[in-house]
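Structure, as C-alpha cells:
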Amino acid sequence: MFLQAKRLERNGKKIIHLEIGEPDFLPSSRIKLALVRAFESGKVHYTEPSGIPILKKELAKKYRQFEAQVIITPGARFAVYSAIVSLVNPGEEIIIFEPAWPAYRQCAEFIGAKVKAIRTSLTNDWNPPMEQLEKFISDNTKMMVVNYPNNPTGKIIEENTFKKIVDLARKNNIIILSDEVYSEYSYKKVRSVLEYGYDKAILISSWSKSHAMTGFRIGYGISNKDIIGKMEKIQATAITSVAEPIQYAALCALKNKVTGNVNTIKRRMDIVRSRLDSMAVRYYRPDGGMYYFIQLDSDKIKTFSFIRELLEKGVCVAPGIGFGLNYEDFIRISVCQPVAALNKGLNIINSLIRKA
Ligand SMILES: Cc1ncc(COP(=O)(O)O)c(C=O)c1O
C-alpha cells in the first residue's frame, strides 16, 4: 500500500498516510543535542556487540535486572530476528497470536520454523482462547510471541491471562518473546513479561515509537544471560554493534519523559474514536498503541476494492489481511498524522462507507 501511495505521490497526487506506523513528530531536541555531543566527543566507534555498558546498566536498573541480561539492538525488529535465529531451529514451532505484526511470521519462516497461529477475534475482544493455546502446544513448540499493547488491535490482555500464558510456557519449557514496543502508549495498566519472573522470557522494546526514533534504529532485548549471549553472537556476526553515537542518543532518551508524545497520541486516539463511533464500522476500543483495527461490513464492502478506491481518493490505510489471513474485512488506521489530516481522512473513509 505504502509503495502504491508513493507512486501516486510521484505523479503529483496528495495522499493522507493513515497506514504508517511511526510517529510524525520529531525526537526531542535534547536527543539531538546528545547525538551532536557524542559526535563532538569522539564517540563514533565500534562498541561492545551487546551495547555500551552505561546504556545497558540504565536499562537493567529500569527493569530491575542485571547488566549482563541486556542487549542493545538496531531496533526491536532486529531483537526479534536475533532471538528467533539464535533460539529456534528449523522445523521447530513458534506460536503467534493473530492479528500480529507480520515480522514474527516472516522471521520464523525465514529460518524454516513452523508457525502456528492462534486466531483471536473482535467478537471475543481479541482475548486469546486459552483452551486452544493448550492444545496448540506440542513437544516441538519452542517459542511463543506475544505483543501487548498489540499492533494492530490496541488490546492489552488482563494480567491473569498473561500469567496463564507464562505459566503454560513455564510448564512446557517454552521461551516467551514479549514485544513491548508500545508499552509507553498504554491507556490501562500494563505489566512487562519480566514481572512474571520466568527466566525464559525475553522482553523486547525500543525507542522507535515512544521517542519517535524509528530512523535511529535502536532497541533492546532483556532476558537471562544465556539467551542474551546467544543473541549477542548473532549481533557480533551480523553488525558488530549498534552505532555508538546512536547509543548515546538512546541513553539521553531513556532519561527523557515521553508524556508529551503520549498525550499527543492519546488525544488523537480520542478524536478518532469519537469519529468512528458515528460510522458504520466495528472496532475494539484500544487499551494502548497508536492504531484502530476496524471491521467493515463485508456484506456491503469488498475490502480490497474499498482500499483501492480510498487510495484513489487520497487516503492510504493498511489492509487487515497483512496481519493474518482471517482479517480480510479489516483495515488498520494509525493516528500518526496531525488532527486535520486524520479528520480529512476519516471524512473520506466515511463517505465511501456510506456510498456502499
Ligand atoms: C509490534 C511492533 N514491534 C516492533 C516494531 C518495530 O520496532 P523497531 O522500529 O524498534 O524495529 C513495530 C513497528 O511497526 C511493531 O509494530
Side-chain angles (χ1 to χ4, degrees), residues 1-2 17-25 27 31 51 55 59 70-85 94 96-108 110 117 120 126 143-157 176-186 190 192-193 202-222 231 234-235 238-239 242-243 246-247 249-250 253-254 258 261 265 286-293 316-320 322-324 327 330 332-337:
M1 272 306 135
F2 181 70
H17 287 280
L18 299 186
E19 84 288 12
I20 288 181
E22 60 179 329
D24 54 318
F25 36 84
I31 296 170
L55 182 55
L59 279 167
V70 181
I71 182 165
I72 309 299
T73 60
R77 182 185 271 269
F78 197 82
V80 169
Y81 172 81
S82 63
I84 291 179
V85 172
I94 300 187
I96 62 172
F97 296 85
E98 285 184 340
W101 185 47
Y104 313 130
R105 183 184 279 280
Q106 287 162 0
C107 287
F110 180 71
T120 63
W126 304 118
M143 183 183 275
M144 272 194 256
V145 183
V146 294
N147 164 227
Y148 300 106
N150 178 263
N151 172 14
T153 64
K155 174 80 180 173
I156 297 176
I157 49 171
I176 291 198
L177 189 151
S178 178
D179 178 344
E180 300 177 11
V181 290
Y182 295 102
S183 65
E184 304 277 0
Y185 299 118
S186 296
V190 66
S192 162
V193 72
I202 311 171
L203 157 81
I204 273 165
S205 193
S206 79
W207 288 270
S208 289
K209 316 288 178 173
S210 54
H211 294 73
M213 287 169 65
T214 48
F216 284 60
R217 307 311 302 131
I218 183 155
Y220 52 92
I222 304 183
M231 289 170 69
I234 301 286
Q235 193 145 289
I239 62 155
V242 173
I246 298 295
Q247 295 191 58
L254 195 58
V258 284
N261 297 353
I265 294 292
D287 308 309
M290 330 188 290
Y291 311 106
Y292 280 89
F293 201 47
C316 189
V317 297
F323 302 91
Y327 309 101
F330 287 80
R332 188 197 74 176
I333 64 170
S334 124
V335 302
C336 295
Q337 290 291 316

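What's counted below: heavy atoms across the whole structure, side chains too, no hydrogens, waters or symmetry copies. Keep in mind that what you see is a predicted model, and the values were worked out from it rather than measured. In listed order, ligands and their atoms are each counted from 1.
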*Take Thr214 and Glu22 through the side chain to side chain donor-acceptor pair (under 3.5 Å) test and state the conclusion after the steps.*
CA-CA 7 Å; Thr214 48; Glu22 60 179 329; 2.4 Å; yes
*Any chance you could lay out the side chain to side chain contact (heavy atoms under 4.5 Å, CB included) test for Ile204 and Ile202, step after step, and finish with the verdict?*
CA-CA 6 Å; Ile204 273 165; Ile202 311 171; 4.2 Å; yes
*Check the pair Ile218 / Gln247 against side chain to side chain contact (heavy atoms under 4.5 Å, CB included), numbers first and verdict last.*
CA-CA 7 Å; Ile218 183 155; Gln247 295 191 58; 3.9 Å; yes
*asked:* I'd like to know whether Gln235 forms a side chain to side chain contact (heavy atoms under 4.5 Å, CB included) with Thr73, so could you lay out the CA-CA distance, the side-chain angles of the two residues, the decisive distance to 0.1 Å, and finally the verdict.
replied: CA-CA 8 Å; Gln235 193 145 289; Thr73 60; 3.5 Å; yes
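Assignment of Thr214 to the shell around ligand 1 is not supported, since no heavy atom sits closer than 4.0 Å. Heavy-atom distances between Trp207 and ligand 1 stay at or above 4.0 Å for every pair.
Of all atoms in ligand 1, listed by their number and element, those nearer than 4.0 Å to a heavy atom of Gly75 are 10 (O), 11 (O). Using a 4.0 Å cut-off to heavy atoms of Val181, the atoms of ligand 1 that qualify are 1 (C), 2 (C), 3 (N), 4 (C). Within ligand 1, counting atoms from 1 as listed, the ones closer than 4.0 Å to a heavy atom of Lys209 are 12 (C), 13 (C), 14 (O). The contact set between ligand 1 and Asp179, taken as ligand atoms under 4.0 Å from a residue heavy atom, comprises 1 (C), 2 (C), 3 (N), 4 (C). If you number the atoms of ligand 1 from 1 as listed, the ones under 4.0 Å from a heavy atom of Arg217 come out as 8 (P), 9 (O), 11 (O).
By the criterion of a heavy-atom distance under 4.0 Å, the side chain of Tyr104, and not its backbone, is placed next to ligand 1. Contacts between Ala76 and ligand 1 below 4.0 angstrom, taking non-hydrogen atoms only, involve backbone and side chain alike. Neither the backbone nor the side chain of Phe78 has any atom closer than 4.0 Å to an atom of ligand 1 (non-hydrogen atoms only).
Although no hydrogens or angles enter the test, the distance criterion places no donor-acceptor pair under 3.5 Å between the side chain of Asn151 and the main chain of Thr153.
Considering Ile94, Val80, Val146 as possible partners of Tyr104, the one that fulfils the side-chain contact (heavy atoms from CB on, under 4.5 Å) test is Val80. The ring-ring contact (aromatic ring centres under 6.0 Å, His included) with Phe323 is formed by just one residue from the set Phe97, Trp101, Phe293; it is Phe293.
Among protein heavy atoms, atom 9 (O) of ligand 1 sits closest to Ser208 OG, 2.7 Å.
A pairwise comparison of heavy atoms in Arg332 and Pro152 identifies CD-CB, 3.6 Å as the closest pair.
Ligand 1 has no nitrogen or oxygen under 3.5 angstrom from a nitrogen or oxygen of Asn147.
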